[in-house]
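Counting convention: from 1, in listed order, for ligands and their atoms alike.
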Amino acid sequence: MRYDYIVVGAGLFGAVFAREAAETGKKVLVIDRRDHPAGNIHTEDRDGILIHRYGAHIFHTSDEEVWRYVNRFASFNRFTNAPLARYRGRLYHLPFNMNTFYSLWGTATPREALERIEEQRREIKGEPRNLEEQAIALVGRDVYETLIRGYTEKQWGRPCTELPASIIRRLPVRLTYDNNYFNDLYQGIPREGYTRMVERMLEGVEVRLNTPWDPEMRSLTDKIVYTGSIDGWFEGRLGQLEYRSLRFETEKLEIRDYQGNAVINDTNAETPYTRIIEHKHFAFDQQEVMDTPCTWITREYPMKWEQGGEPYYTVNDEKNSVLYSRYRRLAEEDPQVIFGGRLGLYRYLDMDDTVRAALDTARKELGRDERKAPGRRKR
Ligand code: UDP
């Protein structure tokens, strides 16, 4: 059997690419070493509750075309992410907004809150050089110490003074009482779970699970779409890129509602986990799910990544960016392989970015005419 494409990884990037290739009549094989499709967005049913096995995934986008695309494969609810943060036993609203500032300082109006922030911002002179300076420049030292420092240092395993400012820039700061974490036009969670959505994308495509990539497969295909780590593909020949890993502790509790919200972050440095997810809240509009007499929660522990472990986040500091560019150059010398996804592209991609990247790659590769693509708004 000969394929036009072997797609390595049945995650979101791989599934979208495979769908597009199959629709242009290409012969595609998708392989994945895990025993389920959907990669890290995989969801599975426990007691009627969909568990996000590799951490909370909330779809949000302002890209009209991406939104329409995912809606072909799933029906989305209107979940709105409004996480809370716990610090020394007290709860604060996220993202940083008037509710947060009111709890911290008792400032009730935007003017009062802004005065506080401006006062504290002055500490930073010039362009912020690291995450700590960037955070203080955005929201001041109080918010930084209460809601940012501990969480960030746990998540990345290094001091905020040694982290790139870019990480924190993806968090909104608002002078309104709006607890919606995302600024995007569309937001929601597939009612039947992400795995079902990915399965629909892969309908009619040959998929082999429990199948790791084997270089001998090269001879079976014209091209390979590889969504594993780019340094892994090259067997680390230029050195190892760094990743952050996670450990999930999932448990069933014999109560109806544990924390009253889908996500609560723990921003204390002493608490070893960064957040607790209570999965049933993602299905807030399905009464039968909310009414189940039990609940499932997951504690998320950041972890050092080591060879053989699961990489979740890329570490886009100076050193790794330089090494990644060298791998990119190496990749350009091999026209048989295309890299995709968070690990193949070595950058933080939200789910909508992933769909967008896969669609763009597919079009470039398959030479398909651009469908009408109105309003590619991304913020
Ligand atoms: N962050 C923070 N406190 C919080 C939540 C987020 O300081 O309570 C910062 C932190 O620097 C983190 C970044 O925002 O690395 C992105 O966090 P988030 O948890 O939203 O990212 P995710 O892991 O969900 O992609």
Engineer: State, to 0.1 Å, how close P302 and R244 come at their nearest heavy-atom pair, and which atoms those are.
Structural biologist: CB-NH2, 3.7 Å
Engineer: Using the ring-ring contact (aromatic ring centres under 6.0 Å, His included) definition, which of the options Y327, Y313, Y243, W233 pairs with Y346?
Structural biologist: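 Per the ring-ring contact (aromatic ring centres under 6.0 Å, His included) rule, the option paired with Y346 is Y243, out of Y327, Y313, Y243, W233.
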Engineer: Could you name the protein residues that come within less than 4.0 Å of ligand 1, counting only heavy atoms, and order them by chain and residue number?
Structural biologist: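 Lining ligand 1 at under 4.0 Å, by heavy atoms, one finds L94, L147, I148, Y151, T152, Q155, W156, I167, I168, R170, L171, Y181, N265, T267, R275, Y313, Y348.
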Engineer: Please check if the number of heavy atoms outside Q336 that lie under 6.0 Å from its CD is greater than 12.
Structural biologist: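 Counting other residues, nucleotides and ligands, CD of Q336 exceeds 12 neighbours.
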Engineer: Hey, which of F282, F248, F79, F59 is the one that makes ring-ring contact (aromatic ring centres under 6.0 Å, His included) with H52?
Structural biologist: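 Of the listed options, the one satisfying the test is F282.
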Engineer: Identify all side-chain donor-acceptor contacts of residues 82-95 below 3.5 Å with residues at least two apart in sequence or on another chain.
Structural biologist:
{"unit_1": "R86", "atom_1": "NE", "unit_2": "D266", "atom_2": "OD1", "d": "3.1"}
{"unit_1": "R86", "atom_1": "NH2", "unit_2": "D266", "atom_2": "OD2", "d": "3.4"}
{"unit_1": "H93", "atom_1": "ND1", "unit_2": "N179", "atom_2": "ND2", "d": "3.3"}

Engineer: Measure from NZ or CZ of R342 to the centre of the six-membered ring of Y348 and say whether it is under 6.0 Å with the direction within 45° of the ring axis.
Structural biologist: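 Yes, cation above the ring, under 6.0 Å and within 45°.
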